[in-house]
Each structure stands twice: as structure tokens, then as C-alpha cells.
Amino acid sequence: MKKVIINEDEKGLLFKNGKFVKPLNAGKYRLFGGSEVETVPMDGMLHSSRCLLETLLQNEELARQCVVAEVRDQEVGLHFIDGKFAGTLSVGKHAFWTGTQKHEFQMVSTAGTAADGEVPAYILTRLPSHVCKRITVTPYQKGLLYFDQHFEKVLEPGSYYFWENGVQVEVKLADTRLTHMNITGQEILTQDKVSLRITFVCDYVIIDFVRALTEIDDYAGQLYVAAQLAMREYVGRHKLDEILEGKDEMSRYVIERLEEKAPALFVAVHGGGVKDIILPGEIRDIMNSVLAAEKRAQASVITRREEVASTRSLLNTARLMDENQTLYRLKELEYIERICGSVGNISLSGDGGLLEQLRDVLGRKGA
């Protein structure tokens, strides 16, 4: 004999010699012979590791204590406990204990692919991924919906749910915004065999996203290649100096080629241009040396021009003073003033005016 205790919120399944006998409520039991008890919780689905559910439900006493839900093929069962959504039930028969909780079920057909209509949105968001597939189309996108590789329709921005019922559901998303494309670091040889690294940028927008995604294999990649080819064509026909002086011309040439290609890709090009031109190290050093020499030559020309202008100004001043004694006298006084400004004390005595004596003193010192 052995003792078994069944707690509250549990049920006991009594087996004798491997055969189910009856359910047991909470309490203490003594078992004899080949009797065994399997305890199961009452707040979950009825499940036994010793026998099938069908065998348990053949017992009338147990069947009266349970509520049974049967989910057929192409259905999903929505399980509610006390009016609150608790989860989903897969295909098959499911049993729950009737006690303090109220179990309710709603059977939803999954024969159709779209999971909408009878199922509220708040439940759809909580369905597991193996039951329902969620697809989100953002406000700047359009979605192309395919069922088993066949185009179905265009999806506007929003959230969509599809049953996992064997139908392959695929959505291709297209960005409807103005898109920026960056063609970086293209190694290209000029006509005079100089290797350049050029970065080009452009903007484009899809004008027919259905055809762009269904008729074109990677429209963005093809537009990228078209820009590469246009750059190589232009650079290969021009020398380095022409390219450096004509970046705008190169930009216009590439954009024109892209605009010719764009309609076939169902896109529209909205401008672009050359962003960077990177020279090889030795060419860059040579050009820096040339630039430095040019700037030194310009500085020398400016210096000589200023010296000539200064000399011409002095000559014009001398001519004016030679022709005008009053101007000569004023210039003389100006220089006397400058000299006196740098002298501490000057003592004068004798006849004559102050200016004549200063001139005589300065004249003697200069002699």
C-alpha cells in the first residue's frame, strides 16, 4: 500500500494495471496492488502521458468534468478563458477541466489566405508565426503581393495577416521615396593613362513600381551599372586636365545617359553629379608642386608691380616739388617735423628765424 496526495487545483487520473479507471479529486488516497495515480493541473489542457485523450473521455464521470473543443482541417481554434484570449488550438481534439474558469472557443476557417474579417486585430497581433504570417508595409512603401509565385495585388501602407495554410505568401516591397544612389571609388583610366578614382551620386524615384519589380531584374543595380559605363566612356575620351576643369560637363554627360536609360527601368532620375575625384599619389604631388610654383610666380609679379608703382609715385612727387617751390618747402618742413620728433632736446642761439636755424643745424649734421 502507498499513499498519494492530490492538491487543490489538481486532478488525479487513477490507473489500475495500466488501465484508466476514473478521475480523482483533491485529497489523500491509499493505493493497493497495481493501482497508480497520475496528477494533472486543472488550469491547463487535459493531457495524460499514460493514455490518449479519447480513452479518457470515454469515462462518463471525467467527460462531465471537461469541456471539449475539436478543431478540423483548415481551421484554427481561438481559446478564451473567462472572456480573455488565451491562445490558439491546433487541428485535433482538446479538453479542459471545468471548474473556476470558463473556457470558450471560436473556430476560424483558414481556407482563405487572408486572415481578416471575423478575427479582431488585437487577436491577430498575438497569433504565433506558425499560425499566421504578418507583413507590414510602411508609409513610404508599396507592396506587391504574390500567392504561390503569382502576382495578386498591390498592398497599400498598413499591416496584413495571412494564414499559414500551405499557400506560399510573398510580398516584394518598393520604396516610393526619392532614393539616393552613391557610385563610390570607380577606378577609371583617362585618355592619357592616368588612373582616377571617381565618386558619383544621383537621385532617382520609381515611377511604375509594379513593372519595375515584375519586369526588371534589380532595377537599382542596372541603374548603377549604367552610371558606371557612362563615367568610363567619358573619362576614357578625355585627358586629366580636361576632366579636372570640366567636372560639371562630366556630370551633365552621365546624367543625360542615365535619363536615356531610366524609362526602360521604370524610374526617373532627379539630378546628380561628380562628388570626388581622387588622383594617384605621385600625380597629386606633381600638381601640388605646379600650384606652388604658380603661386610664387604670381607673388613675384605682384611685388614687382608694387615696386614700379612706388617708384613712379616718387618720380611724380619729385617733379611736382621741382616745379613748385611752395610744395618743396612744405615737404621740407614735413621731414624736419619727423626728425625733430625723434630728437630729445635742440638748443639754438644766434640770429635768424627758428626754421632757418634748424635747417642750418640739420644741414651741417648731414654734411
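Counting only distance, with no hydrogens or angles, the side chain of Thr176 and the backbone of Tyr140 share a donor-acceptor pair below 3.5 Å. Judged by distance alone, the side chain of Thr110 and the main-chain N or O of Gln74 form a donor-acceptor pair under 3.5 Å. Counting only distance, with no hydrogens or angles, the side chain of Thr98 and the backbone of Gln65 share a donor-acceptor pair below 3.5 Å. Using a distance-only test at 3.5 Å, with no hydrogens or angles considered, no donor-acceptor pair links the side chain of Gln222 to the main chain of Tyr219.
Cation-pi geometry between Arg50 and Phe15 is satisfied (NZ or CZ under 6.0 Å from the ring centre, within 45° of the ring normal). Within the cation-pi definition used here (under 6.0 Å to the ring centroid, within 45° of the axis), Lys275 does not qualify as a partner of Phe200.
Side-chain contact of Gln141 with Thr138: a donor-acceptor pair under 3.5 Å is present, judged by distance alone.
When all heavy atoms of Gly246 and Tyr234 are compared, the pair lying nearest together is O-OH, 3.8 Å. The two residues Val68 and Ala95 have their closest heavy-atom pair at CG2-CB, 4.2 Å. Nearest heavy atom pair, residue Ala174 against residue Phe209, reads CB-CB, 3.8 Å.
Put simply, CZ on Arg177 and CD1 on Ile206 are 11.0 Å apart, with the number rounded to the nearest 0.5 Å.
Salt-bridge annotation for Lys16 and Glu36: absent, with no side-chain N of the basic residue lying under 4.0 Å from a carboxylate O of the acidic one. Using a cutoff of 4.0 Å between basic side-chain nitrogens and carboxylate oxygens, Glu164 and Lys133 are not scored as salt-bridged. Taking a cutoff of 4.0 Å between a charged side-chain nitrogen and a carboxylate oxygen, Lys102 and Glu104 qualify as a salt bridge. In this structure, Glu249 does not pair ionically with Arg252, as no charged nitrogen and carboxylate oxygen lie closer than 4.0 Å. Ion pair Glu242/Lys239 not flagged as a salt bridge, since none of the NZ, NE, NH1 or NH2 atoms sits closer than 4.0 Å to an Asp/Glu carboxylate oxygen.
Other residues, nucleotides and ligands place no more than 12 heavy atoms under 6.0 Å from the CD atom of Glu60. With a 6.0 Å radius and a threshold of 12 heavy atoms from other residues, nucleotides or ligands, Asn316 has its CG atom above the threshold.
A parallel orientation is assigned to the rings of Phe96 and His103, their planes being inclined by less than 30° (bins at 30° and 60°).
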